[in-house]
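Heads up: the structure comes next, in structure tokens.
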Amino acid sequence: PKSGDVSLPGATLVEIRDQQSFLELLRLGEAHRHAANTKLNTESSRSHALLMVHVKRTVKGREPAHSSDNGNSTSMARSLRPPLVRKGKLVVVDLAGSERIDKSGSDGHTREEAKSINLSLSALGKCINALAENSAHVPVRDSKLTRLLRDSFGGTARTSLVITVGPSPRHRGETASTIMFGQRAMKVENMLKLKEEFDYKSLARRLDIQLDKLIMEHERKQKAFEVEIERITAEAQNRISEAERNYADAVEKERLKYQKDYMESIKKLEEKWMMNQQNQGNERKEQMVHIAEEVAEVKKLLSKETSLRKAAEEEVDNLKSQLAQLKMSEASANSEILKLRKMVEDEVCQKEKLEGEISMLQSQLLHLSFEADETRKRLDRGGPGKVPGGLDSPVSQVRSQLKDSGNGEKASVAKLFEQVGLQKILSLLEAEDADVRIHAVKVVANLAAEETNQQKIVEAGGLKSLLMLLGSSEDETIHRVAAGAIANLAMNEKNQELIMSQGGISLLSTTASHAKDPQTLRMVAGAIANLCGNDKLQTKLRGEGGIKALLEIVKCGHPDVLAQVARGIANFAKCESRASTQGSKTGRSLLIEDGALPWIVQNANSDASPIRRHTELALCHLAQHEVNAKDMISEGALWELVRISQDCPREDIRTLAHRTLASSPDFIAGLKRLRIDY
């Protein structure tokens with residue numbers, strides 16, 4: 001497994017060093033060969049013999065010359081360059097001859113050996129034929145013999161082939177087939193190649209030795225460095241102690257100096273104080289004159305403060321008048337507040353009345369939804385049944401209509417639509433109660449099933465509410481019913497553009513990725529299929545992942561879901577075909593670029609007629625554009641087009657397939673290449 005070679009049970013890989021051991025191995029292998037007596041040969045080989053010798057040799061190349069300036073870099077580069085190893089393999093094979101059981105008379109274990117020999121020789125012949133005919137696939141893996149000899153034919157080896165024939169006319173057939181085998185083998189061309197690679201293992205060993213030397217040198221230098229550090233540390237400590245002693249002596253000298261200066265300063269200050277005492281008498285007179293001047297200045301300031309106080313009193317009077325005015329305005333504001341409070345109380349009463357009305361509508365909606373479900377079940381069973389009764393409610397009012405009409409559910413929904421109004425029904429889609437939301441979305445879906453109600457639903461904001469509900473809700477039932485309502489609305493072209501502009505494809509794709517119920521997936525696929533039929537939305541629908549969403553939905557495998565997916569792909573292919581005919585689109589089909597072609601070809605002959613009809617139509621539309629022809633031929637769609645043109649029950653599809661095959665040069669060339677009579 002480590003070398004990547006073919007493993008053989010019982011075989012051994014032996015490393016040899018001299019010629020004697022090699023010859024002993026040859027004798028041992030020859031002794032293991034087995035022969036038996038047959039009618040054709042007294043010593044018939046019962047197995048193939050194969051010797052594989054792997055040889056490798058180190059090639060010593062010339063080193064480039066460098067100047068003495070970069071001697072270190074040259075030696076480093078030389079040490080890091082891995083040695084070059086040249087490898088070769090010698091394969092010597094003695095193939096056992098093929099034999100016919102009726103001629104050789106083999107039986108029992110000998111017969112089984114003959115079968116194995118013939119089987120491996122047949123596999124070898126197939127490989128030689130495939131290489132001689134330049135086939136794209138060579139069946140090398142059919143036998144261990146062909147896998148072991150894959151380098152000898154069509155590989156990189158120099159190969160010689162010796163064939164053995166007999167002169168007897170009785171074996172003329174075997175002789176002729178052997179010679180033909182040799183002729184086919186001569187057509188095989190091998191590309192000889194010298195296999196050289198770098199011996200990184202020897203380089204790794206040499207680098208390990210150098211690494212050990214470097215580690216030892218590093219440890220030696222580390223020890224010397226530590227000794228040097230200890231010496232420097234001791235010397236530094238001695239210097240520090242000496243510096244501390246010198247510092248202590250200097251500090252003591254400075255202290256004595258400063259003490260002497262302090263005593264001298266005290267004496268000078270005492271002399272100055274005596275002189276100041278003599279000068280104080282003169283200074284007191286000057287202070288009295290200064291005080292008189294300060295008193296006169298204070299009087300001036302006092303008169304100024306008096307004038308400022310009078311101005312402040314006038315300002316206070318103004319503020320009091322303003323305060324009185326503010327109190328009057330506050331009284332008027334209080335009266336306004338009382339009026340507003342009364343209005344708020346009226347609004348609260350109105351709100352309570354509306355909440356009561358909403359709760360009554362919710363209960364009516366629940367009753368009507370329950371009655372609709374019961375009516376649907378009764379109509380599905382085909383029996384008369386009984387509609388459950390109750391209090392005087394809209395259910396009892398509509399009961400007579402349910403009994404008279406053949407569609408009780410639509411009558412209930414129409415009656416609710418007339419009594420309650422569309423806006424109130426849509427408001428229930430945002431109710432906190434999950435059951436109320438479920439029944440409300442069911443009512444909207446039933447209303448959307450009729451074309452007359454679709455425009456009203458969209459104008460009232462129903463489409464936006466359904467898309468928001470599809471993205472925010474986690475309930476599977478809501479997802480299924482909402483997707484069905486959107487599918488009904490998507491049958492209108494204007495509604496399709498609104499759905500795309502509001503991110504409908506992304507929401508539908510997300511819903512499909514999380515859905516597990518086949519019915520939910522069927523509704524989502526139906527909505528996307530309706531959008532696929534709009535010529536203007538092709539590029540945008542594909543850009544937002546609509547085609548990939550359909551291809552993800554097919555994993556469900558339910559026939560109804562696959563039918564909707566096939567319908568969407570057929571609609572998309574039809575629009576593309578129309579755009580190509582009009583000249584507004586060039587290049588390959590977007591369906592082919594997104595990988596839908598293999599699924600279309602796979603289901604073109606499905607047992608379910610809806611799936612088969614839509615996929616056949618999609619293939620015919622894709623084939624209309626010449627750019628798609630090569631991809632369709634490579635995926636096997638040509639066979640399906642031929643079958644459709646001959647066996648399709650619908651005449652229009654059959655005619656379209658026939659016209660496409662007859663008008664496409666690529667298809668005509670493919671039919672000739674495959675030798676299909678058409």
Side-chain angles (χ1 to χ4, degrees), residues 1-59 85-99 101 104-125 127-128 140-166 178 181-182 185 190 192-197 199 201-202:
K2 294 181 179 178
S3 62
D5 293 333
V6 182
S7 62
L8 292 173
T12 307
L13 183 66
V14 182
E15 185 175 358
I16 57 176
R17 293 295 183 182
D18 53 13
Q19 182 179 0
Q20 184 64 29
S21 61
F22 179 64
L23 294 175
E24 290 178 359
L25 277 175
L26 285 178
R27 284 193 290 270
L28 180 62
E30 184 66 23
H32 285 168
R33 297 190 63 183
H34 180 59
N37 185 12
T38 63
K39 292 180 181 181
L40 298 177
N41 193 351
T42 57
E43 294 183 357
S44 175
S45 299
R46 309 314 300 162
S47 64
H48 305 304
L50 187 143
L51 170 67
M52 299 180 69
V53 183
H54 297 269
V55 184
K56 63 180 181 179
R57 183 182 66 184
T58 302
V59 180
V85 176
R86 184 174 296 167
K87 290 187 177 182
K89 180 172 67 173
L90 171 67
V91 183
V92 184
V93 187
D94 181 11
L95 297 174
S98 63
E99 63 180 52
I101 304 301
S104 64
S106 301
D107 57 356
H109 184 65
T110 309
R111 179 189 292 268
E112 297 300 323
E113 291 174 343
K115 289 180 181 179
S116 300
I117 292 171
N118 291 340
L119 184 62
S120 60
L121 291 175
S122 176
L124 180 61
C127 294
I128 295 297
V140 179
R141 295 180 175 271
D142 289 354
S143 172
K144 285 195 175 183
L145 177 64
T146 55
R147 293 183 67 184
L148 289 168
L149 299 179
R150 64 181 181 272
D151 291 333
S152 299
F153 51 85
T156 60
R158 176 179 288 124
T159 305
S160 299
L161 175 66
V162 179
I163 60 175
T164 306
V165 298
T178 304
F181 171 75
N190 287 9
L192 301 185
K193 182 179 179 181
L194 191 62
K195 188 174 182 180
E196 294 181 348
E197 61 183 26
D199 190 2
K201 291 184 179 179
S202 61

Can you confirm whether Asp94 sits close enough to His48 that some side-chain heavy atom of one is under 4.5 Å from a side-chain heavy atom of the other?
no
Is the shortest distance from a Lys or Arg side-chain nitrogen in Glu15 or Arg17 to a carboxylate oxygen in the other one below 4.0 Å?
yes
Give a yes or no on whether the backbone of Arg147 and the side-chain of Arg150 come within a donor-acceptor separation of less than 3.5 Å.
yes
Of all heavy-atom pairs linking Arg33 and Ser47, the shortest is NH2-O, 4.1 Å
Surrounding CG of Leu13 (heavy atoms of other residues, nucleotides or ligands, distance under 6.0 Å), is the total greater than 12?
no
When rounded to the nearest 0.5 angstrom, what distance separates CG in Leu23 from CD1 in Ile16?
9.0 Å
Walk me through it: do Leu50 and Met52 pass the test side-chain contact (heavy atoms from CB on, under 4.5 Å)?
CA-CA 7 Å; Leu50 187 143; Met52 299 180 69; 3.1 Å; yes
For Ile117 and Gly97, which heavy atoms make the closest approach, and how far apart are they?
CG2-O, 3.8 Å
So how far is it from Thr110 OG1 to Lys115 NZ, rounded to the nearest 0.5 Å?
12.0 Å
Got Leu194 and Arg86 here, is their nearest side-chain heavy-atom distance under 4.5 Å?
yes
Could you check if a side-chain atom of Leu26 sits within less than 4.5 angstrom of a side-chain atom of Leu51, using non-hydrogen atoms only?
yes
Could you go through Leu161 and Phe153, starting from their C-alpha distance and side-chain angles, then the distance that decides it, and tell me whether this counts as side-chain contact (heavy atoms from CB on, under 4.5 Å)?
CA-CA 10 Å; Leu161 175 66; Phe153 51 85; over 6 Å; no
Testing Glu113, Arg111, Glu112 for side-chain hydrogen bond (donor to acceptor under 3.5 Å, both in side chains) with His109, which one passes?
Glu113
Of all heavy-atom pairs between Thr164 and Thr178, which one has the smallest distance, and what is that distance?
O-CG2, 4.0 Å
Heavy-atom closest pair, residues Ser143 and Ala123
CB-CB, 3.6 Å
Is the side chain of Asn190 donor-acceptor paired with the backbone N or O of Ser152 at a distance under 3.5 Å, no angle test?
yes
Taking the side chain as C-beta and beyond, is there a heavy-atom pair between Leu8 and Leu148 under 4.5 Å?
yes
Has Arg27 got more than 12 heavy atoms of other residues, nucleotides or ligands less than 6.0 Å from its CZ?
yes
Are the side chains of Val91 and Leu149 in touch, meaning some heavy atoms are under 4.5 Å apart?
yes
How far does CG of Leu28 sit from OG of Ser21, to the nearest 0.5 angstrom?
12.0 Å
So with a 6.0 Å cut-off around CZ of Arg141, is the heavy-atom count from everything else above 12?
no
Can a donor-acceptor pair be found, under 3.5 Å and without considering hydrogens, that links the side chain of His34 to the backbone of Arg46?
no
Can you tell if the side chain of Lys89 reaches within under 4.5 Å of the side chain of Asp151, non-hydrogen atoms only?
yes
Evaluate side-chain contact (heavy atoms from CB on, under 4.5 Å) for Ile128 paired with Phe181, printing each intermediate quantity in order.
CA-CA 8 Å; Ile128 295 297; Phe181 171 75; 3.8 Å; yes
Close side-chain approach of Leu95 to Leu145, heavy-atom, < 4.5 Å:
yes
Before you tell me yes or no, could you show the steps for Leu192 and Thr156 under side-chain contact (heavy atoms from CB on, under 4.5 Å), namely the whole-Å CA-CA distance, both residues' side-chain angles and the distance that decides it to 0.1 Å?
CA-CA 4 Å; Leu192 301 185; Thr156 60; over 6 Å; no
